[in-house]
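First comes the structure, then the notes that go with it.
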Amino acid sequence: MKNELADSSRREAGGTAIPERRMLIGGAWVASASGAWTEIESPGRRGTVLARVPRGSAEDADRAVAAARAALPGWRALHFKERQRALLRIADALEARAEELARLTALDTGNALRTQARPESQALVALFRYFAGVAGEFKGTVLPAGDDQLQYTRREPLGVVAGILPWNSPLNIAGMKMPAALAAGNTLILKAAEDAPLTILELAAIASDHLPPGVLNVVTGYGEEVGEALVSHPGVDKVSFTGSTEVGRHVAAIAGRRLAHLSLELGGKSPNIVFPDAAAPDRIDATVDGILLAMRFTRQGQSCTAGSRLLVHADVYDRVVAAVVEKARALRLGDPLDEATDMGSIISQKQYDAVLEYVADGKAQRGVRLALDGSALAPAGLDGFYMGPTVFAGVDNAWRIAREEIFGPVLVAIPWRTREEAIAMANDSHYGLAAYVWTRNINDALDTAHRIDSGWVQINQGGGQVVGQSYGGYKASGIGREFSLEGALESFTQIKQINVKIG
Ligand code: NAD
């Protein structure tokens, strides 16, 4: 999808200049040191080049680290009220431009404006306000050690943080890192995903008006190049990575060798567990709406917390699967910018092909039933990576489509008989990011929630994270928590103990 460009004068076939978006380093908008560029195409409109961005390299990582280090002493020394004020100004500026950011998100990621992109840009504003509000909570304690002693702790910033971002909801993920890291007094380098960097550059353009130069830097380019250069850079104190488990392992090994601080938000294969009472005539509608939401069909299933394993009690299995299929089929696929669209485009040809490969693998399993074939739902006349909701029934939890993160609109339905069996199946996964439980029986709900090995369990609802909640993975879904205040304290500060003898 992306082509490397060495020549800054390249033009599109029609002769129109391709807009250029530069990186932010030390308060200046710069090209890469090598002069190379990559083109960014809109996934929902194949062939439409939105812009070209610098193809950053190790040299650019060096420049960004130098800028972030130079800005650190001044930023960390401020009274927290000054950082708070800057974050609140950024929130206001983002709010004023929220619609513009949402439209750019739809173009950049293929996510539908109404169902995904707009809520995402609004969530970003809320995250800046939240962390601005708690900026004074990055504080220490005093031990009652007697009148001749002052024994206190300071929560000091870690230093320079490198935030590595994925493409599936870039603003949201940046919002989970940026305001918390900055409120705690760190300086930051964001590495935008190569497939969707434009909203991150726009966020930086808005935010940098309210920050001293070098406090926020953004680099673009490939993970193996500028990304890895940041992870291995001795001037980066913390790596905050969100992405796939495979790349996360690699990043952890590199950061671990030099004992850098590290948080990993990785992949998932989360269970949606349906008890019989949730399929009663007066409940099934709400349950199925929630299952669709949890599955993140309207983000083309491209969500780490997608409830992509539907575990349903055998007594209501057929009824629930039929209702899921009926509602999923009614979702409207279309151009991401169209207000009527529920579900936009998959991010890239590579991702689209990977999803189709999983579908082919699922179809080849003995006894499987393709209850809804999403490839048949692609809208006519639109050239993008469109694929509708796909539902497999009669799935075995041991199959690849039930074990691996597909990161596409593919839901697999598996029946169970007892609560023990459902919990065992839910936990029979190397992932442990999220889970959804559907029942009003408090014992079933809480016993299941407590025994599931996941960092986040929702009962009778399927929506996304809310500002201030704890968020992060068990097992191969990650290490660390950054989203909540407690998570941010742990993830973006370190404690220094100071003991003073008085008198
Ligand atoms: P990815 O792992 O391919 O890439 C993520 C980021 O890492 C990109 O910016 C990429 O350029 C960079 N990268 C790649 N190789 C690197 C290297 N060697 N060194 C440093 N950086 C490198 O993931 P993706 O395809 O962009 O995103 C999808 C994945 O992200 C899914 O697995 C999804 O579950 C996960 N994800 C997790 C969360 C979460 O909060 N747990 C949120 C969103 C996405």
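As a basis for the values below, the full set of heavy atoms in this structure was taken, side chains included, without hydrogen atoms, waters or symmetry mates. Remember, it's 1-based here, ligands and their atoms both numbered in the order they're listed.
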Heavy-atom nearest neighbour in the protein, as seen from atom 27 (O) of ligand 1, with distance rounded to 0.1 Å: Pro166 CB, 3.4 Å

Quick one: does Glu228 get an N or O within less than 3.5 Å of an N or O on ligand 1? yes

Please work out whether any backbone atom (N, CA, C, O) or any side-chain heavy atom from C-beta onward of Ile254 is under 4.0 Å from ligand 1, and answer side chain, backbone, both or neither. neither

At a non-hydrogen distance cut-off of under 4.0 Å, which region of Ile173 contacts ligand 1 (side chain, backbone, both, or neither)? side chain

Which residue owns the protein heavy atom closest to atom 35 (C) of ligand 1, what's the atom, and how far is it? Gly243 O, 3.0 Å

Among all protein heavy atoms, pick the one closest to atom 23 (O) of ligand 1 and tell me residue, atom and distance. Ser244 N, 3.4 Å

Should the proximity of Val251 to ligand 1, defined as any heavy atom under 4.0 Å, be assigned to the side chain, the backbone, both, or neither? side chain

For atom 12 (C) of ligand 1, grab the closest protein heavy atom and report residue, atom and distance to one decimal in Å. Ile164 CG2, 3.7 Å

Any chance CZ of Arg249 has more than 12 other-residue heavy atoms, nucleotides or ligands included, within less than 6.0 Å? no

Close N or O approach (Tyr471, ligand 1; < 3.5 Å): yes

Measuring only between side-chain heavy atoms, which start at C-beta, is Lys327 closer than 4.5 Å to Pro389? no

From atom 17 (C) of ligand 1, work out which of Gly223, Ala162, Ala434, Gly248 has a heavy atom at the shortest distance. Gly223

Applying a 4.0 Å heavy-atom criterion (strictly less than), which segment of Asp195 is in contact with ligand 1: side chain, backbone, both, or neither? neither

Under 3.5 Å: donor-acceptor pair, side chain of Asp338, backbone of Asp335: no

Can an N or O of Leu266 be found at a distance shorter than 3.5 Å from an N or O of ligand 1? yes

With a 4.5 Å limit on heavy-atom distance, are the side chains of His250 and Glu228 in contact? yes

Is Lys475 close enough and on-axis enough to Tyr431, meaning under 6.0 Å and within 45°, for cation-pi? no

Taking the side chain as everything from C-beta on, heavy atoms only, tell me whether Asp237 gets closer than 4.5 Å to Val161. no

Note the single closest protein heavy atom to atom 15 (N) of ligand 1, along with its residue, its atom name and the distance in Å. Val247 CG1, 3.4 Å

Any cation-pi pair here, Arg52 with Trp37, using under 6.0 Å and within 45°? yes

Under 3.5 Å, N or O to N or O, is Trp167 touching ligand 1 that way? yes

Please identify which atoms of ligand 1 are closer than 4.0 Å to at least one heavy atom of Asn168. 43 (C), 44 (C)

Using a 3.5 Å cut-off on N or O atoms only, is Phe407 in polar contact with ligand 1? no

Polar atom proximity, Phe241 to ligand 1 (N or O, under 3.5 Å): no

Nearest protein heavy atom to atom 34 (O) of ligand 1, by residue and atom, and its distance? Glu405 OE2, 2.6 Å

Check whether any N or O atom of Lys191, backbone or side chain, sits under 3.5 Å from an N or O atom of ligand 1, and answer yes or no. yes

For atom 38 (C) of ligand 1, grab the closest protein heavy atom and report residue, atom and distance to one decimal in Å. Cys304 SG, 2.9 Å

One residue to check: Gln302. Relative to ligand 1, which of side chain, backbone, both or neither has a non-hydrogen atom less than 4.0 Å away? neither

Side chains of Glu95 and Phe128 in contact at under 4.5 Å (non-hydrogen atoms): no

Classify the ring geometry of Tyr471 against Trp456: parallel below 30°, tilted from 30° to 60°, perpendicular beyond 60°. perpendicular

I need the contact type for Glu194 against ligand 1. Using non-hydrogen atoms and a strict under-4.0 Å cut-off, is it side chain, backbone, both or neither? side chain

Considering only non-hydrogen protein atoms, determine which one is nearest to atom 6 (C) of ligand 1 and report residue, atom name and distance to 0.1 Å. Leu165 O, 3.4 Å

Using the salt bridge (charged side-chain N to carboxylate O under 4.0 Å, His left out) definition, which of the options Arg296, Arg332, Arg114 pairs with Asp342? Arg114

Taking the non-hydrogen atoms of Gly478, is any one of them nearer than 4.0 angstrom to ligand 1? no

Backbone N/O of Arg97 and side chain of Glu100: donor-acceptor pair under 3.5 Å: no

Are Lys269 and Arg403 close enough that some pair of their side-chain heavy atoms sits under 4.5 Å apart? no

Which bit of Thr242 is near ligand 1, meaning a heavy atom under 4.0 Å away: side chain, backbone, both or neither? both

Can you confirm whether more than 12 heavy atoms, excluding those of Glu99, are under 6.0 Å from its CD atom? yes

Any Leu127 side-chain heavy atom under 4.5 Å of Asn172 side chain: yes

